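Quick notes on the structure that follows.
Everything quoted here is computed from the prediction, not taken from an experiment.
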Amino acid sequence: MKLVAVTSCPTGIAHSQMAAENLEQTAEEQGHDIKVEVQGAMGAENELSDADIEAADAAIIASDTSVSQDRFSSVPLIDGTVKDAVNDAEGMIADAIAAADGDASDTKSDINGSEPTSTESNQQRRRGGDRSKSLVARLKRLFN
């Protein structure tokens, strides 16, 4: 499946980059193609073209700021926060796939309003998330 995404936070330095990296890694692990545009105070990085959006099966917007959704009118759109993309990229991608396949009743979805999955209800989630995805681990990889 081909996906496009936009991550955006007010500064666009750490959180939006982490969200973009997490979406890219998760999509790659699941065998999907994804292109992620990162927006911040300095402008857009890795900007999506109209052709990228038209070729996509679904779009994901993970932002804590206002992102124009007009460009994505031709594809199913999943809307969430940067925190959603950092902590639950799998859920956002799953929602995008469901929307692209026509399984979602509405093309806009809010991650916070979704029901917990069966694995979440049967297992207690570890607080703090995956240590390999922490800011310190990402910075170590960046500078090594």
Side-chain angles (χ1 to χ4, degrees), residues 1-121 125-143:
M1 179 150 303
K2 186 159 181 60
L3 304 170
V4 292
V6 175
T7 63
S8 176
C9 69
T11 56
I13 297 172
H15 294 105
S16 55
Q17 293 286 349
M18 289 170 44
E21 183 179 324
N22 202 21
L23 285 168
E24 288 169 346
Q25 287 178 353
T26 304
E28 183 179 311
E29 288 170 2
Q30 294 179 359
H32 305 296
D33 291 330
I34 190 167
K35 184 172 181 185
V36 182
E37 175 180 311
V38 179
Q39 295 181 1
M42 302 302 278
E45 182 179 307
N46 202 24
E47 197 166 343
L48 298 172
S49 68
D50 290 339
D52 292 330
I53 296 168
E54 288 298 320
D57 296 309
I60 298 170
I61 295 180
S63 72
D64 295 335
T65 61
S66 176
V67 173
S68 174
Q69 298 181 1
D70 296 340
R71 302 188 298 168
F72 305 101
S73 62
S74 63
V75 295
L77 178 65
I78 301 303
D79 205 7
T81 65
V82 170
K83 184 177 180 180
D84 294 333
V86 171
N87 294 332
D88 190 23
E90 291 174 356
M92 291 191 89
I93 291 172
D95 287 348
I97 292 168
D101 290 339
D103 294 336
S105 60
D106 188 15
T107 57
K108 283 191 178 181
S109 174
D110 184 10
I111 298 298
N112 295 329
S114 64
E115 294 282 327
T117 62
S118 61
T119 56
E120 287 178 351
S121 60
R125 293 187 71 172
R126 191 176 134 241
R127 294 192 88 178
D130 185 354
R131 293 185 193 274
S132 69
K133 295 179 182 175
S134 72
L135 178 59
V136 173
R138 289 169 190 247
L139 289 171
K140 283 182 182 177
R141 285 194 302 269
L142 179 69
F143 291 113

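- Remark: Ala44 engages Glu37, Gln39, Glu47 in a side chain to side chain contact (heavy atoms under 4.5 Å, CB included) (not counting sequence neighbours).
- Applying the side chain to side chain contact (heavy atoms under 4.5 Å, CB included) test to Ala85 and every residue at least two apart in sequence or in another chain returns Ala19, Leu23, Ala62, Met92.
- Side-chain contact between Asp33 and Leu3 is absent, with no heavy atoms from C-beta onward closer than 4.5 Å.
- Annotation: side chain to side chain contact (heavy atoms under 4.5 Å, CB included) contacts of Ala27 (sequence neighbours excluded): His32, Ile34, Ile93.
- Applying the salt bridge (charged side-chain N to carboxylate O under 4.0 Å, His left out) definition to pairs two or more places apart or across chains, those involving residues 13-25 are Glu21-Arg138, Glu21-Arg141.
- The CG atom of Asp84 sits 11.0 Å away from the CD1 atom of Ile78 when rounded to the nearest 0.5 Å.
- The distance from the CG atom of Asn22 to the CG atom of Asp88 is 9.0 Å, given to the nearest 0.5 Å.
- Rounded to the nearest 0.5 Å, atoms CZ (Phe72) and CD1 (Ile60) are 10.5 Å apart.
- How far CD of Gln69 is from CZ of Arg71: 10.5 Å, rounded to the nearest 0.5 Å.
- Among residue pairs with one or both ends in residues 54-65, those qualifying as side chain to side chain donor-acceptor pair (under 3.5 Å) are Ser8-Thr65, Glu54-Ser74; sequence neighbours excluded.
- By the neighbour-count criterion of 12 heavy atoms within 6.0 Å, atom NZ of Lys83 is sparsely surrounded, having that number or fewer from other residues, nucleotides or ligands.
- Separating the CG atom in Asp95 from the CG atom in Leu77 is a distance of 11.5 Å, to the nearest 0.5 Å.
- Scanning all heavy atoms of the two residues, the minimum distance from Pro76 to Ala100 falls at CG-CA, 3.9 Å.
- Heavy atoms from other residues, nucleotides or ligands lying under 6.0 Å from CD of Gln30 number more than 12.
- Not counting sequence neighbours, the partners of Asp52 by the salt bridge (Lys or Arg N to Asp or Glu O under 4.0 Å) test are Lys35.
- When side chains are defined from C-beta on, Asp101 counts as touching Met1, because their heavy atoms get closer than 4.5 Å.
- Nearest heavy-atom pair across Val75 and Ala56 is CG1-O, 3.4 Å.
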